[in-house]
Trainee: 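Before we start, here is the structure in question, set down as C-alpha cells.
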Amino acid sequence: MSIKKRGNIWWARFTHNGQEIQRSSGTEDKAAAQEWHDQLKASLWRQDKLQERPAYIWEQAVERWLTERLDKPTAYIWKLQLRWLHPHLSGMKLTDIGQEKINQIRLLKQKDTVNGKTEVKPRTVNAILNLIRSILRAAIEWEWIDRAPIFKLLAEPTRRVRYLSQDEERALLNELPLHLKQISRFALSTGLRMSNILTLEWSQIDIARETAWIHADQAKANKAISIPLNTNAMAIINEQLEQHTSHVFSYKGKPILRANGRAWREAVKRANIQDFNFHCLRHTWASRLIQAGVPTHALMELGGWSDIAMVRKYAHFGAEHLREYANKIVIIENAIPTKADVNLG
C-alpha cells in the first residue's frame, strides 16, 4: 500500500518513471484514498503508454496559477481564499469541477460564519467564485481542459462611498497601534491601496523630489503611477528611515503582509466606526480632494484610475463648480400681484 497519513489526510507516494510522486488525496477515508491512489497510477500509465492527456487535478492548477502571480500585490488574499477552498476541491480532476460543484461551493460560502455569526456578503462569495473561474480559464489556456462551467454570481448591492469624518479619523488614529497608525496616515495622505503601501520599497522613493512611484505590475490598472508626496506623507517617510533595509513600512524588523487584521478591526471597533474597512481610507482621500476643488481628471491621474467612471462616484462631494449655474434662477418670494398684473391676467 503506497498511501501514508499526514495529520488527518491520506497522501499517495510512489515512483513513476524514476520520479517520486507525492500528492494529497484530500480525504480522511483510507479506502477512498487507496482508490484515488490506484486511479492516479493508472492515469499516469495511460499517459505514457496511450498518449492520453493528463487528468490534471485542482492542486496542480492552483500551484501553476499562483506561481505565475506571486508578484501581484493581492497574492496574499488569493492564498487565504485558496486555503478556504482546499478542502472542497482538493484532489478533484479539473474536468470533474462542474456546475453542480460550483453551486455547492457557493452555498457553503454563503453559510460560512465569522465568530459564530453569518456575515458573508455577496461580494465575498463572488470573490471565491471569480477565483475558481480565473484558475479554470487559465487551465483552458494551458490546454489542460477544453472548457469550464458557467459561473452565476450573486447580485451585489450598490455600495455608497464611505469616508471618514475628521472626528472619526482622530478616533481611529488614536486607537491604532503605531505601525498601523503610520500606514493609515500614509493612506490618507496619498490615496494608495493597502497592497501598494505594504510592498512599497525604498527604491521607489525619491526623497529629494518628494515623489514615490508604483510600478506597472504593482498597479491595479497595470499602469505605473507617480505619487507626489505632500508634507504629511514626507513626514511619515522620514519617520520610517532606517527601520528596514528594503521596505518602507515594517513591524518588528519584518515587512508587513496585511494591515487590516485583528488589530485593525479591534481599533475600528473601539473607535465606534461603523461600516468601514481599510480601502475606505482611499475613499476618504479622494472625497477630500474633490471637496477641496481638485478636478476629476487630476484625481484620476493621482489615483491611478484607468476609467473615469471610477472617479465620477466622488463627483457629488464637490458641487461648488455648479453654484454659478444654480444661482442663475431667481424665485420672487411673497410677491403681491398689482392691479395691473390682475388686469393683464
Trainee: Looking only at the side chains, is there a donor atom on one of R288 and Q291 sitting less than 3.5 Å from an acceptor on the other?
Mentor: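 Distance-only check fails for R288 and Q291.
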Trainee: Aromatic contact between H244 and F249, with the criterion being ring centroids under 6.0 Å apart: yes or no?
Mentor: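 Ring-ring flag for H244/F249: false, centres at least 6.0 Å apart.
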Trainee: I'd like to check the ring-ring contact (aromatic ring centres under 6.0 Å, His included) partners of W264; sequence neighbours left out, ordered by chain and number.
Mentor: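 Result, ring-ring contact (aromatic ring centres under 6.0 Å, His included) vs W264: F278.
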Trainee: Side chains of N126 and R123 only: does a donor on one sit below 3.5 Å from an acceptor on the other?
Mentor: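 No donor-acceptor contact under 3.5 Å links the two side chains.
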Trainee: Could you tell me which residues satisfy side chain to side chain contact (heavy atoms under 4.5 Å, CB included) with E175, sequence neighbours excluded, listed by chain and number?
Mentor: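 Scan of E175 (side chain to side chain contact (heavy atoms under 4.5 Å, CB included), adjacent residues dropped) gives A267, R270, A271.
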Trainee: Under 3.5 Å, which donor-acceptor pairs do the side chains of residues 79-90 form with other protein atoms, sequence neighbours left out?
Mentor:
unit_1 : atom_1 : unit_2 : atom_2 : d
W84    : NE1    : D112   : OD2    : 3.2
S90    : OG     : E59    : OE2    : 2.6

Trainee: Is there a donor-acceptor pair under 3.5 Å between the side chain of S165 and the backbone N or O of E168?
Mentor: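 Checked: pair present.
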Trainee: Could K93 and Y56 be counted as a cation-pi pair, given that NZ or CZ must be under 6.0 Å from the ring centre and within 45° of the axis?
Mentor: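 No, cation not above the ring by the 6.0 Å, 45° rule.
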Trainee: Salt bridge or not for R64 and E68, using N-O below 4.0 Å?
Mentor: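 E68 and R64: salt-bridged.
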Trainee: Ignoring hydrogens and geometry beyond distance, is a side-chain donor-acceptor pair present between S189 and W285 at under 3.5 Å?
Mentor: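 Distance-only check fails for S189 and W285.
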Trainee: How about K223: does its NZ atom have over 12 heavy atoms from other parts shown lying under 6.0 Å from it?
Mentor: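 No, the 6.0 Å shell around NZ holds no more than 12 heavy atoms from other groups.
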Trainee: Between R282 and W305, is NZ or CZ placed under 6.0 angstrom from the six-membered ring centre and within 45° of the ring axis?
Mentor: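 Because its charged atom sits under 6.0 Å from the ring centre and within 45° of the axis, R282 does stack over W305.
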Trainee: Tell me if a side-chain donor or acceptor on S134 pairs with a main-chain N or O of N130 at a distance below 3.5 Å.
Mentor: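 Checked: no pair found.
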Trainee: Decide if atom CZ of R258 counts as having more than 12 heavy atoms of other residues, nucleotides or ligands within a radius under 6.0 Å.
Mentor: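 More than 12 within 6.0 Å, yes.
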Trainee: Scan side-chain atoms only and decide if Q274 and N272 contain a donor-acceptor pair under the 3.5 Å cut-off.
Mentor: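 Checked: Q274/N272 side chains pair up, N/O donor to acceptor below 3.5 Å.
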Trainee: Just checking E301: does its CD atom have more than 12 heavy atoms from other residues, nucleotides or ligands closer to it than 6.0 angstrom?
Mentor: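 Atom CD in E301 is not crowded, with 12 or fewer foreign heavy atoms closer than 6.0 Å.
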Trainee: Excluding sequence neighbours, so at least two apart, what forms side-chain hydrogen bond (donor to acceptor under 3.5 Å, both in side chains) with D96?
Mentor: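 With neighbours one apart ignored, the set is empty.
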Trainee: For W202, give me all partners under ring-ring contact (aromatic ring centres under 6.0 Å, His included), at least two apart in sequence or on another chain.
Mentor: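 Not a single residue meets the ring-ring contact (aromatic ring centres under 6.0 Å, His included) criterion with W202.
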Trainee: Are the ring centres of Y251 and H179 closer than 6.0 Å?
Mentor: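 Ring centroids of Y251 and H179 are less than 6.0 Å from each other.
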Trainee: Taking ILVMFWY side chains as joined if any heavy atoms are under 4.5 angstrom apart, and letting links pass through other members, which residues group with W11?
Mentor: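 Via sub-4.5 Å side-chain contacts, W11 links to I9.
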Trainee: So, Q22 versus R6: side-chain donor-acceptor pair below 3.5 Å or not?
Mentor: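 A donor-acceptor contact under 3.5 Å links the two side chains.
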Trainee: Verify the neighbour count for atom CD of Q19: are there more than 12 heavy atoms of other residues, nucleotides or ligands below 6.0 Å?
Mentor: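 Not buried by this count: 12 neighbours or fewer within 6.0 Å.
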Trainee: Run the salt bridge (Lys or Arg N to Asp or Glu O under 4.0 Å) check on E239 and R185 step by step: do they pass?
Mentor: CA-CA 12 Å; E239 292 169 1; R185 288 174 58 211; 3.5 Å; yes
Trainee: Just by modelled atom types, is the Q218 backbone N or O under 3.5 Å from a matching donor or acceptor in the N196 side chain?
Mentor: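 Looks like yes, one N/O pair under 3.5 Å.
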Trainee: Do the side chains of D38 and K41 get close enough for a salt bridge, i.e. N-O under 4.0 angstrom?
Mentor: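 No, D38 and K41 are not salt-bridged.
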